[in-house]
Amino acid sequence: MDPVFLSGQLFTGLSVASLLLLTALGLALSFGLMRVINMAHGEFLMIGGYLTYLAAKMTGPGYLWIAFPLAFLGTALLGALLETLVIRRLYGRPLDTLLATWGISLILQQAARQVFGSTGVPVTAPAWLSGSVTVHGGVLDGLSFPYVRLFVIVLAALVLGVMWWVLTRSRLGMHVRAVNSNREMASALGVNTRRLDLLVFSLGAGIAGVAGVGLALLAPVNPTVGAAYIVNAFLVVVVGGVGSVLGAGVAALLLGFVTALAEGLTSSSLAQAIMLILVVAFLQWKPRGLFPTQSRALEES
Amino acid sequence: MSHSNRRQRHLTLLLALGLTATASAQNTVKVGVLHSLTGTMSISEITVANAAQLAVDEINAKGGVMGKKIEVVKEDGASDWPTFATKAEKLLTQDKVATVFGGWTSASRKAMLPVFEKNKGLLFYPVQFEGNECSPNIIYTGAQPNQQALPALEWALSKGYRNIFLLGSDYVYPRTANLILKKHITAMKATLAGEEYVPLGGTEFSSVINKIKAAKPQIIINTLNGDSNVSFFKQYQAAGYTAASLPVISFSIAEQEAQSIGPALLTGQYATWNYFQSLPNASNKKFVAAYQAKYGKGAAITDPMAHAYMDVYLWKAAVEKARSFDPAAVRKAIVGVSVDSPLGKITVDANGSLTQAVYTGISGAGGQFKVVSQSKGVVAPQPYDALAFPGKTCP
């Protein structure tokens with residue numbers, strides 16, 4: 001294979017992985033801690049995209065800096081609302097939660113259709129993000145890295161870094177880990193698990209909103225865009241090991257590179273099938289994913 | 001018989017006469033409009049259903065067809081192909097409609113086809129498609145491949161673009177259209193730089209763009225469908241391409257799609273259709289004004305919408321020629337029928353498709369297309385491409 005093409009595909013793998021990771025992180029959080037299979041997670045992504053559109057419409061070319069806090073806070077607030085109104089009432093009933101969140105995802109999609117129309121809205125990357133760095137000379141002559149892609153990779157790395165810090169270094173993270181491994185014990189030791197659930201779910205929603213900003217730069221913003229990403233995000237969570245942030249990171253990289261390699265060697269539509277077959281095979285070998293979390297809650301469920 | 005009794009009888013008679021009179025004034029003919037009003041295809045199909053409704057309203061305002069008002073029975077195909085078949089069956093057998101206007105995807109058409117053949121119904125299908133099909137029960141008014149894909153290829157070659165990359169969504173229309181294009185690329189001694197398909201609705205194009213970079217084509221012929229186009233153009237621009245460095249000619253991007261892609265991303269790119277909103281003929285100006293008055297001032301008008309609008313007028317003309325609403329009689333009468341439409345003058349060929357003009361347009365900053373090239377006169381439809389499907393003809 002041509003070295004330029006091969007390095008191009010490696011870069012593609014990394015950029016696919018970063019988008020996957022951004023979508024999957026919030027899911028890994030709520031799934032890991034609360035066993036909530038949140039089917040509406042993709043719609044948080046969609047709302048992040050629409051908030052980016054609104055930010056771009058209201059402000060000028062510097063809209064991205066407003067879009068990030070707006071998307072994060074907007075989706076986090078919505079997440080908090082959903083947690084309080086619906087999900088809180090369904091803890092310990094995974095099937096009901098799945099159906100309820102699926103219903104919520106349909107409602108949110110239709111709401112977006114009512115507000116913004118079924119045709120997607122245009123979001124164009126700001127001028128300073130258009131264009132790319134190109135390698136000149138050497139064996140990699142002509143290889144280029146679009147700024148938008150680099151931006152999304154940096155964004156994913158930042159979010160992963162912050163999450164890792166929060167989970168391993170902060171007091172909040174300690175509580176999260178405690179609840180994750182034994183909810184009753186943590187509660188008995190004074191952790192307010194109710195409030196923690198609310199916080200973690202909102203945080204997960206907020207991260208999806210941030211992912212939506214990155215997504216808006218690369219993909220359409222329309223009522224069904226969330227649905228397009230949710231399956232792959234679930235794959236990342238399952239392959240990584242349910243609830244493991246590190247696992248989600250490694251799994252996203254793995255899936256990104258496998259997809260890019262398969263797309264390079266075959267075609268885009270075949271690559272999708274190859275990836276799914278590999279995931280199924282992998283789960284036969286390691287049914288609990290790359291980094292299984294030790295959790296009493298998991299044994300019970 | 002008493003006097004009062006006779007008077008009562010007269011009154012009853014008068015009343016009955018009056019009732020018959022009002023009944024005949026309310027005499028209507030039912031037609032079906034069957035499009036996806038919900039689900040993923042609703043983006044495209046609702047506006048097409050609107051355009052058909054507009055034509056019905058206009059015709060009714062002028063007295064209807066053969067003295068009868070048209071009554072629309074609207075059904076939702078829900079972006080689900082079996083649903084299209086069920087609803088078509090319902091329209092034909094339960095509502096006993098005279099004809100149906102509907103369908104967008106080839107999958108929905110292929111699902112409805114046996115229903116129309118079995119019930120001897122008539123379907124007006126308004127969207128460009130891959131050809132390779134011919135049913136006496138369907139009037140195919142969208143472009144056949146020789147009225148869109150091949151003229152686009154010829155235009156590209158005439159501009160000196162001889163190294164061509166084919167990019168499409170992975171389903172029947174792009175696969176078949178590209179099969180035909182490949183035969184003609186070879187026959188015209190041009191080069192196929194590469195061919196790529198992404199899953200329907202796919203949003204990740206970096207691998208495809210890497211392959212395009214490696215293949216170094218002069219032009220991309222794009223048969224992507226729906227929102228994949230948005231992702232593609234965003235990522236194409238991010239990779240440093242412009243309309244000047246690598247032009248793209250598309251068959252599924254019209255004015256409405258241009259709005260959601262963002263006109264800025266599409267400026268300078270090409271599309272080939274039988275209709276653009278910017279066509280200057282009087283009939284089109286009237287259509288655009290009427291549509292926007294009814295459905296919103298800035299509403300974009302597309303080729304399938306113009307076809308759907310014209311289809312109703314075409315059916316009316318055929319009914320009046322046949323002096324009957326019977327689908328078989330209408331189908332027979334429609335051959336040779338010609339109407340002056342927003343698309344210009346079109347005529348129905350014996351194979352049930354239209355003879356119509358082809359335009360290539362360049363996308364401007366406002367999301368409208370400016371015609372840069374048009375066919376010499378009108379082009380007769382060829383449902384079966386002679387190179388790709390030798391020996392096959394319409395019955």
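Chain letters run A, B, ... following the sequence lines, proteins first, then strands; residues in each count from 1. Hydrogens, waters and symmetry mates play no part in the numbers below; they use all other heavy atoms, side chains included.
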Contact part of [X] toward chain B, heavy-atom cut-off under 4.5 Å: side chain, backbone, both or neither?
X: A:Val225; answer: neither
X: A:Val148; answer: side chain
X: A:Ala219; answer: both
X: A:Leu129; answer: neither

(Q) Heavy-atom cut-off 4.5 Å, strictly under: side chain, backbone, both or neither for B:Leu265 against chain A? (A) side chain
Q | Residue B:Ala238 versus chain A: region with a heavy atom under 4.5 Å | A | both
Which atom pairs, one donor and one acceptor, sit under 3.5 Å between chain A and chain B?
{"residue": "A:Gly8", "atom": "O", "partner": "B:Asn210", "partner atom": "ND2", "Å": "3.0"}
{"residue": "A:Gln9", "atom": "OE1", "partner": "B:Asn210", "partner atom": "ND2", "Å": "2.7"}
{"residue": "A:Gln9", "atom": "NE2", "partner": "B:Ser207", "partner atom": "OG", "Å": "2.8"}
{"residue": "A:Thr12", "atom": "OG1", "partner": "B:Asn210", "partner atom": "ND2", "Å": "3.0"}
{"residue": "A:Val123", "atom": "O", "partner": "B:Lys234", "partner atom": "NZ", "Å": "3.0"}
{"residue": "A:Ser144", "atom": "OG", "partner": "B:Lys213", "partner atom": "NZ", "Å": "2.6"}
{"residue": "A:Arg149", "atom": "NH1", "partner": "B:Glu204", "partner atom": "OE2", "Å": "3.2"}
{"residue": "A:Arg149", "atom": "NH2", "partner": "B:Glu204", "partner atom": "OE2", "Å": "3.0"}
{"residue": "A:Arg149", "atom": "NH2", "partner": "B:Gln235", "partner atom": "OE1", "Å": "2.8"}
{"residue": "A:Ala216", "atom": "O", "partner": "B:Lys234", "partner atom": "NZ", "Å": "2.5"}
{"residue": "A:Leu218", "atom": "O", "partner": "B:Gln235", "partner atom": "NE2", "Å": "2.9"}
{"residue": "A:Ala219", "atom": "O", "partner": "B:Lys234", "partner atom": "NZ", "Å": "2.7"}
{"residue": "A:Asn222", "atom": "ND2", "partner": "B:Asp227", "partner atom": "OD1", "Å": "3.3"}
{"residue": "A:Asn222", "atom": "ND2", "partner": "B:Asp227", "partner atom": "OD2", "Å": "2.5"}
{"residue": "A:Tyr229", "atom": "OH", "partner": "B:Thr203", "partner atom": "OG1", "Å": "2.9"}
{"residue": "A:Glu263", "atom": "O", "partner": "B:Lys211", "partner atom": "NZ", "Å": "2.6"}
{"residue": "A:Glu263", "atom": "OE1", "partner": "B:Ser207", "partner atom": "OG", "Å": "2.4"}
{"residue": "A:Thr266", "atom": "O", "partner": "B:Lys211", "partner atom": "NZ", "Å": "2.5"}
{"residue": "A:Ser269", "atom": "OG", "partner": "B:Asp170", "partner atom": "OD2", "Å": "2.6"}

Q | For chain B, the option from A:Leu19, A:Leu217, A:Val121, A:Leu218 that forms the most heavy-atom pairs under 4.5 Å | A | A:Leu218
Q | Results of ring-ring contact (aromatic ring centres under 6.0 Å, His included) for A:Phe145 - residues two or more places apart only | A | A:Phe11
